[in-house]
Amino acid sequence: MARIGVFVCHCGENIGRTVDCARVADALREHPGVAHSVDYKYMCSDPGQALIKQAIAEKRLDGVVVAACSPHMHEKTFRRACAGADLNPFLCEMANVREHCSWIHEDRARATDKAIDLARTIVEKVKHNRPLQTIRIPVTRRALVIGGGIAGIQAALDIADGGAEVVLVEKEPSIGGHMSQLSETFPTLDCSQCILTPRMVEVYQHPRIKLMAYSEVDAVSGYIGNFTVKIRQKARAVDASTCNGCGACTKACIQRKIPSEFDERLGPRSAIYVPFPQAVPNTPVIDRANCAYFKAKAKGATKAACGKCAEACSRGAIDFDQQDSFVTEKVGAIVVATGFQLYRIGADQPQGLTGYGEYGYGTVPDVIDGLQFERLASASGPTGGKILRPSDGREPKRIVFLQCVGSRDPAKGMAYCSKICCMYVAKHTMLYRHKVHDGQATVFYMDIRAAGKGYDEFTRRAIEEDGARYVRGRVARLYRDGDVIKVHGFDTLSGEPLVLDADMVVLATAMRPQPGIEALAQKLSVSYDQHGFINEAHPKLRPVETNTAGVFVAGACQAPRDIPDSVAMASAAASKILGLFSQAELEREPTVARVDTGLCSGCFHCERVCPYGAVERREIRDRKGNLLKVVAEVNPGVCQGCGTCQATCPSKSVELDGFTDQQIWAEINALAL
Amino acid sequence: MRIGYYPGCSLHATARELDESLRAVASALDLELQELDDWSCCGATSGHATNHLLSLALPARNLALAEAQGHDRVLAPCAACYNRLATARHEIAADAALAARVARVLERPFANRVTVANLVEVLRELGPAITARAGRSLAGLKVACYYGCLLVRPAAVVGFDDPEQPTSMEDVVRAAGATPVAWQMRLECCGGAFSLARTASVVRLGRAILDDARRAGAEALVVACPMCHSNLDFRQSAMLERGEKPLPVLYLSELVGLALGIAPDTLGLQRHFVDARPLAARAAAEVH
Amino acid sequence: MATAAESLTAFEPRITAFVCNWCTYTGADLAGTSRLQMAPNVRIVRLPCTGRIDPLFVIKAFERGADGVIVSGCHPADCHYTAGNYHARRRFAVFRELLDFMGIDTRRVTFSWVSASEGGKWRDVVNETVGRVQALGPFEAYHELAGRQG
């Protein structure tokens, strides 16, 4: 007969309010195989854990069930407590009577009945639990950082400075990300590139950072401490080892009017190009879609249509035949720092979103977005830092800024707040006034959200010192009327409709995760929300971890983030990784599959369905060495414990420890009681 | 193709030419309009300003009739009727308790199975057929498509076009061989039901619409709503300054009818206050 | 009519849910954290992955008195174990056909994907299933049959 102890937690009022914990403990005391059953206000407290330890010793318990919160919260706590009383920790399980019961029901009688059911079910399961030993695995002390924006740069530098090696993968030709495009940064108005480029150079020169720009993660396998990553290095058509970055090729290129991505399509670039002067690495890339040579080749031309860049290169670094190449790296931890994109209305709207055509982005001239304004205001931008209208190059005297375009609007965009827009719009109005002294900035806003050190002071400064006019309300429509843009809005403080003439309109469009984030998340087995932002493991207590051990998240790929947030997350992820790397070996849950070789008939269905290739073949021979049969065997280091093999096995010869058939049958049978 | 036809009160009164032109166009395009037997008023603005249940039951009665008469789709050419029928359908579908209440009021079986179609929606579907049969009679004619505020809104109920950047009327105009102009006031309000109560407002709003259309180079306005038509056509004389040339206001179905070579009188053009017949004559001249 | 309605609401179905640990179980946790109220008829059996769910579990649950069953895991392409949910999806596509053969009304079985961030969806799945099974009434026929054979 089993001797199981049941411990019912009140969780203060959290469980006790809707579940009669004493009645649960009483009911379980009568349950066959239960040797001890009590309720207590906080099982997770020191005295609560002491109760468990004491009962194990005094009542010689061989199993423990804690009816409390979700096992995702406190399973570790209670298993450790059991281990402290010399009971194998895997003989302890939790019944979730908080998240799955008291918090979601109001009827006390029915919630209590349900809690009794849940506890009984787990008691029946625990009767079939076996003692298990944790698995120890080695750690590769090397990290992969995906994304070379400010978050990725910071994470890479912190990890490398901590003594571990880093592979930094960036999909663009240069690292730097969106921060390199910004003119000045709030709330200090210091020049973005001036503070960023030293970090970029540091990455490039760091002996422990391997920088792989113009590369993408192709495939990821393995698990915490032992990931294998396949990285695609896209062909630049320029040999990076011979190129000295002199720039002669870009000057020789005949295609000169390709809209520059770095300048947000406000300025031109050549087909062979370096995105911006301080790019790291400073090796050019040929944009094959726009290069005369590659375009002609794609059409089937046999003779080279152009070769100006190759002629101009004194080092013979241009290599038209270069192909994508693949590199495989072993790493122990991964940081996802892929950043954001702006919601580009009309241009690349995500599926299902069609709103805001009335704002004329892409159709009404001189309606631009926030990043485009950054390029206009930037000294390295297409206008040399002068605020000029893209349509006619005139200096706009009246600019209207629209906040929350796509943000905070579930009907036409995203329900969330993009967080940075209130601040950067205030910054824009100030930059504008500093450059165009007689210019009038008007801002349409829903609320000013300036929570942060020095943030509210900053928006006050925009209004009080730099004369920005703030109108609380929304804009209904923009019209182009001859030379001006008519802005039809509504002032909700005065209750009056409003028509303003503007020379330029700047839309603070929503922040969205980078395109392709879902595919990357799937490669990494991390979850993401309905917008594509990567989910953190816990919104408050594990903000830079993901649900997949060993994969961390930093910056705006997790939610809208400004620079200080992104840097803080990156440093947090780096410190988590350095903590991980400080251990000689990692412990892993022993929930892995085992094969009963006596039963196994060698059909290898399990081998076909295993997502990890953990199933191996073993030959069974008699003493004379004659082959009797070939059976499946699971490599416990590779198995992750999904149990697909067990559900597939026709002879039921695979068992997943922790979730054996016996355990689950017992649970189902318990529900019939 | 066969479709249930709910003309509504307007098409039997102030908007007779919409009814006439639509029937003529439908017959030319082999679209069989089957007028609902025993249809009644949708309640329009007065209904939903008075009582919510009434405002749903009145259109629901007509949807129930359509169902009983074997239709799966009903064409309501008037923008207001369309809005009421579509709203009733939408709200009843979303709320089982409400559906039960409406069914009790109707005292007839009602499964809310019939979908509601708009004039523009149906003509857009017929676009290829229109293009195939239209001559070049409207070539070069520049028209401003005026949606008004009601036709494509609210988005949750309507859904056949973008509520802020619609394109369906322009699609039909192009199919008919005329040229839609790009202009700004396509979705602004014309004053709606205030033609009598607040005439000055209607004149001010209408004036802005006409001005913008003219500035964009339009030779005519095209509408798909009896209320818009009556405000912009009937009230236009009050909107014009001395010596200004009036701008003809055509129903979309009339424009399509002209493209198909149907006689102006069959389309009801003689009923307009701003004479649209010179425009029709020009189109006819192009043909010969 | 009124008495029929009353007897329907008086019937409280027993629903067994087989869910994966990473998506749906966590989604149900989130529903709890968010205090989303739902019908108390569902008992969750936690498994590592929907790939671990043997169709026999579903049959067994009915045999042992369940009036309805929910099977729920990670969305396609979102599996913690990369592909377990695909195996589950294929397995249950075939299994669905068998249910009918076994005398189990397929309306008594809900298959759904609920991710870790979809607490609201979990509540909806629970409430819809409870409502549907409530309307179908107790699964006495099957329980009697199982009892006779068992």
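Because the structure is predicted, anything quoted here is derived from the model rather than measured. Chain identifiers are assigned alphabetically (A, B, ...) following the order of the sequence lines, protein sequences preceding nucleic acid strands; residue numbering begins at 1 within each chain.
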Undergrad: Given that the side chain runs from C-beta out, which part of A:E93 has a heavy atom under 4.5 Å from chain C: side chain, backbone, both or neither?
TA: side chain

Undergrad: Given heavy-atom pairs under 4.5 angstrom as the criterion, report whether the side chain, backbone, both or neither of C:T33 touches chain A.
TA: both

Undergrad: Is it the backbone or the side chain of A:H105 that comes under 4.5 Å from a heavy atom of chain C, or both, or neither?
TA: both

Undergrad: Would you please go through residues 71-79 of chain A and name the residues with a non-hydrogen atom below 4.5 Å from one of chain C, in numerical order?
TA: A:P71, A:H72, A:E75

Undergrad: Given that the side chain runs from C-beta out, which part of A:E106 has a heavy atom under 4.5 Å from chain C: side chain, backbone, both or neither?
TA: both

Undergrad: Using every non-hydrogen atom in the two residues, find where C:G51 and A:A647 come nearest and quote the distance to one decimal.
TA: O-CB, 3.2 Å

Undergrad: Examine whether an atom of A:T591 lies under 4.5 Å from a heavy atom of chain C, and if so say whether it belongs to the side chain, the backbone or both; otherwise answer neither.
TA: neither

Undergrad: Side chain, backbone, both or neither: which part of C:H87 has an atom under 4.5 Å from a heavy atom of chain A?
TA: side chain

Undergrad: What part of C:L36 gets closer than 4.5 Å to chain A, counting heavy atoms only: side chain, backbone, both or neither?
TA: backbone

Undergrad: Select, from A:V609, A:I122, A:D113, A:L656, the one with the greatest count of heavy-atom pairs under 4.5 Å involving chain C.
TA: A:V609

Undergrad: Among C:P55, C:A83, C:C49, single out the residue with the greatest number of heavy-atom pairs under 4.5 Å to chain A.
TA: C:C49

Undergrad: In terms of heavy-atom pairs under 4.5 Å with chain A, which of C:W22, C:F18, C:F57 leads?
TA: C:F57

Undergrad: State whether A:F659 and C:R52 meet the cation-pi test: NZ (Lys) or CZ (Arg) under 6.0 Å from the six-membered ring centroid, and within 45° of the perpendicular axis.
TA: no

Undergrad: Between C:I44 and chain A, which part of the residue has a heavy atom less than 4.5 Å away: side chain, backbone, both or neither?
TA: both

Undergrad: Examine A:F533 together with A:Y416 and report whether their ring centres are nearer than 6.0 Å.
TA: yes

Undergrad: For chain A, which candidate among C:V126, C:L56, C:T50 shows the most heavy-atom pairs at distances under 4.5 Å?
TA: C:L56

Undergrad: Which bit of A:N14 comes within less than 4.5 Å of chain C, counting heavy atoms only: side chain, backbone, both or neither?
TA: side chain

Undergrad: Specify which of C:R91, C:M38, C:H75, C:R43 makes the most heavy-atom pairs with chain A at under 4.5 Å.
TA: C:R43

